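For reference, the structure discussed in these notes is given below.
Counting from 1, the numbers follow the sequence of the chain as shown. The structure presented is a predicted model; accordingly, all values stated were derived computationally and were not measured.
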Amino acid sequence: MVKICWPWKMEGRYADGTEAVASGNDENDCMCKLIDLTKKHGDLVWYGGYGDEDYCDGEYIGEENFFYD
């Protein structure tokens with residue numbers, strides 16, 4: 001399995017209960033993708049930066065960005 005890490009990821013929740021994650025080159029790129037989904041799922045009722053082992057508040061922080069002694 002190939003793992004693709006975009007520079008940014010944002011997640012959102014819509015009026016119909018759908019949750020989505022949008023990947024892009026910057027925060028604005030992700031937000032535009034989330035906003036496009038409102039046509040199908042209703043208002044974007046919550047959004048935020050995605051977080052996991054590679055992302056903090058939506059920004060990619062993969063292991064290569066950490067400095068070890």
Side-chain angles (χ1 to χ4, degrees):
M1 182 171 107
V2 175
K3 184 176 184 179
I4 298 174
C5 294
W6 289 85
W8 281 87
K9 280 188 178 181
M10 300 291 289
E11 56 187 328
R13 186 175 310 115
Y14 298 88
D16 70 356
T18 299
E19 295 183 3
V21 175
S23 303
N25 291 316
D26 56 29
E27 185 175 358
N28 187 61
D29 191 21
C30 295
M31 288 305 300
C32 287
K33 291 176 182 178
L34 289 176
I35 291 167
D36 283 345
L37 291 173
T38 62
K39 297 170 192 166
K40 182 176 181 180
H41 300 292
D43 290 339
L44 185 60
V45 296
W46 177 88
Y47 69 90
Y50 185 78
D52 69 6
E53 68 275 359
D54 290 316
Y55 292 86
C56 180
D57 296 327
E59 188 172 12
Y60 178 74
I61 59 162
E63 186 176 349
E64 69 272 4
N65 292 319
F66 290 99
F67 296 99
Y68 300 100
D69 289 333

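- In this structure, NZ in Lys9 is found 13.5 Å from CG in Asp29, a value given to the nearest 0.5 Å.
- Judged by the 6.0 Å and 45° rule, Lys33 forms a cation-pi pair with Trp6.
- For the residue pair Gly24 and Cys30, the shortest heavy atom distance occurs at N-SG, 3.4 Å.
- Inter-residue side-chain proximity for Trp46 and Glu19 is flagged as unmet; no heavy-atom pair is nearer than 4.5 Å.
- Atoms SG and CG, on Cys32 and Leu37 in that order, are 11.5 Å from each other to the nearest 0.5 Å.
- The structure places CG of Leu34 at 12.0 Å from CZ of Arg13, a figure rounded to the nearest 0.5 Å.
- Rounding to the nearest 0.5 Å places OG1 of Thr18 at 11.5 Å from CG of Leu44.
- Between the side chain of Tyr55 and the backbone N or O of Gly62 there is no donor-acceptor pair closer than 3.5 Å.
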>> Go through it in stages, so that I can follow the logic: the residues are Lys40 and Tyr14, the test is side-chain contact (heavy atoms from CB on, under 4.5 Å), and I'd like the CA-CA distance, side-chain angles, deciding distance and then a yes or no.
In response: CA-CA 9 Å; Lys40 182 176 181 180; Tyr14 298 88; over 6 Å; no
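- With hydrophobic clusters built from ILVMFWY side chains whose heavy atoms lie under 4.5 angstrom apart, Tyr60 does not share a cluster with Met10.
- If you take OH on Tyr50 and CH2 on Trp8, they are separated by 15.0 Å, rounding to the nearest 0.5 Å.
- Under a 3.5 Å cut-off, the side chain of Asp26 and the backbone N or O of Asn28 do form a donor-acceptor pair.
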